[in-house]
Asker: 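For reference, the structure I am asking about is given below.
Per chain, numbering begins at 1; letters A, B, ... match sequence-line order.
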Amino acid sequence: MQLKFSVEDGCLIVEMHGELDHHSAEGARIKIDNKIEELGINKLIFDFAGVNFMDSSGIGVIIGRYKKLKDYDGKVAVVNLKPQIKKIFELSGLFKILSEFESTKEALLNL
Amino acid sequence: MFKNEMKLEFPSKSVNESFARVVVAAFASQLDPTLEELSDVKTAVSEAVTNAIIHGYEDAEGIVTLRCKIEDNKLTIEVEDNGKGIENVELARQPLYTSRPELERSGMGFTVMETFMDSVEVYSELGKGTKVIMTKTFKSA
Ligand SMILES: Nc1ncnc2c1ncn2[C@@H]1O[C@H](COP(=O)(O)OP(=O)(O)O)[C@@H](O)[C@H]1O
Ligand SMILES: [Mg+2]
């Protein structure tokens, strides 16, 4: 899984590319956590446009980052979920703790 | 009745999770599945194989056996490990239950399998291993 980081309006945007499963989860988790600490940021947008597969290991990655940012009064949003991935989000009740937006732009306006 | 089957054995390395789901997707493609059906099957296989690797063998190395069978438009998938086994299958299948929260597991693996497949059966014996049998009938075939 490839990650591309950018910062806009004090918000970390993580563009993910590839498949988010147990094999790729650990690397992704470490890279994102390092970036959060390096920048001291408490708002995070996951851009799923490049993610063509995710299983329940991905849920662990999202919830883990949510918990980390919650300690700093932070927020997490997701954009560009494919239908299959959205199903897994719904199943696990992830939308109770974070919001989905149409685009990164809209997420930035609402976070 | 049209019948076909395959069997695959591989070591419990996490890199084989994507290998296993691609193999099953390729095998299932002879049923002319929709993209959604294919992606349901891949997700369920990924869950069962990941469980064999992280829970069954707990990162020690063992062999995961994957068997697939097609009978007309019904696909049966078996994922088996000879690992530690599950003490309480009913509890393990509960949504959000995980024995390894320290690994950031969500406890949603069995729920995902149940949602994406038509049936999921779990046979497990402590100290011997676990076998998960899932079926899905393809509408398009
Ligand atoms: N193959 C297996 N061998 C041993 N234990 C397993 C196996 N599969 C599942 N389990 C047990 O069932 C629990 C729930 O599995 P699952 O729903 O996939 O959640 P998770 O993998 O996130 O823990 C696991 O935490 C583990 O205790
Ligand atoms: Mg699991």
Asker: Tell me, yes or no, whether the heavy-atom count around K69(B) atom NZ, taken from other residues, nucleotides or ligands under 6.0 Å, exceeds 12.
Answerer: no
Asker: Check whether any side-chain N or O of S56(A) sits under 3.5 Å from a backbone N or O of S106(B) as a donor-acceptor pair, and report yes or no.
Answerer: no
Asker: Under a 4.5 Å heavy-atom cutoff, which of L103(B), N16(B), V15(B) has the most pairs with chain A?
Answerer: V15(B)
Asker: Pick one of side chain, backbone, both or neither for S18(B), based on which atoms fall under 4.5 Å of a heavy atom in chain A.
Answerer: both
Asker: Are F53(A) and V22(B) side-chain neighbours, meaning at least one heavy-atom pair lies under 4.5 Å?
Answerer: no
Asker: Answer with yes or no whether the hydrophobic clustering places M54(A) together with V24(B); edges join I, L, V, M, F, W, Y residues whose side-chain heavy atoms lie under 4.5 Å apart.
Answerer: no
Asker: In terms of hydrophobic clusters joined by side-chain contacts under 4.5 Å, are I85(A) and L38(B) together?
Answerer: no
Asker: Report, as yes or no, whether the 6.0 Å neighbourhood of atom CZ on F5(A) holds more than 12 heavy atoms from other residues, nucleotides or ligands.
Answerer: yes
Asker: Check the surroundings of atom NZ in K4(A): do more than 12 heavy atoms from other residues, nucleotides or ligands lie under 6.0 Å from it?
Answerer: no
Asker: Please answer: with hydrophobic residues joined when any side-chain heavy atoms are less than 4.5 Å apart, are M16(A) and I13(A) in the same cluster?
Answerer: no
Asker: Quick check on L35(B): does its CG atom have over 12 non-hydrogen neighbours (other residues, nucleotides or ligands) under 6.0 Å away?
Answerer: no
Asker: Determine whether a donor-acceptor pair (N or O, by modelled atom type, separation under 3.5 Å) exists between the side chain of E17(B) and the backbone of H23(A).
Answerer: yes
Asker: Might you confirm whether atom NZ of K74(B) has over 12 heavy atoms from other residues, nucleotides or ligands at distances under 6.0 Å?
Answerer: no
Asker: Should we count CD of Q2(A) as having more than 12 external heavy atoms under 6.0 Å?
Answerer: no
Asker: I'd like to check E104(B) versus R65(A) (side-chain heavy atoms, cut-off strictly below 4.5 Å). Are they in contact?
Answerer: yes
Asker: Between the side chains of H22(A) and T50(B), is a donor N or O closer than 3.5 angstrom to an acceptor N or O?
Answerer: no
Asker: Please tell me whether I45(A) and L98(A) are part of a single hydrophobic cluster in this structure, the criterion being side-chain heavy atoms less than 4.5 Å apart.
Answerer: no
Asker: Which of residues 39-48 of chain B get closer than 4.5 angstrom to chain A, counting heavy atoms alone?
Answerer: S39(B), D40(B), K42(B), T43(B), S46(B), E47(B)
Asker: Are R105(B) and S57(A) packed together at the side-chain level, in the sense that at least one heavy-atom pair is separated by less than 4.5 angstrom?
Answerer: yes
Asker: Of all the residues in residues 77-89 of chain B, which have a heavy atom that comes within less than 4.5 Å of a heavy atom in chain A?
Answerer: none
Asker: Should we count CD of E38(A) as having more than 12 external heavy atoms under 6.0 Å?
Answerer: yes
Asker: Should F116(B) and V132(B) be regarded as members of a common hydrophobic cluster, given that ILVMFWY residues are connected when their side-chain heavy atoms come within less than 4.5 Å of each other, either directly or indirectly?
Answerer: no
Asker: Could you look at L91(A) and say if it's the side chain, the backbone, both or neither that has a heavy atom under 4.5 Å from chain B?
Answerer: both
Asker: Return yes when atom CD of E102(A) has more than 12 non-hydrogen atoms of other residues, nucleotides or ligands closer than 6.0 Å, and no otherwise.
Answerer: no
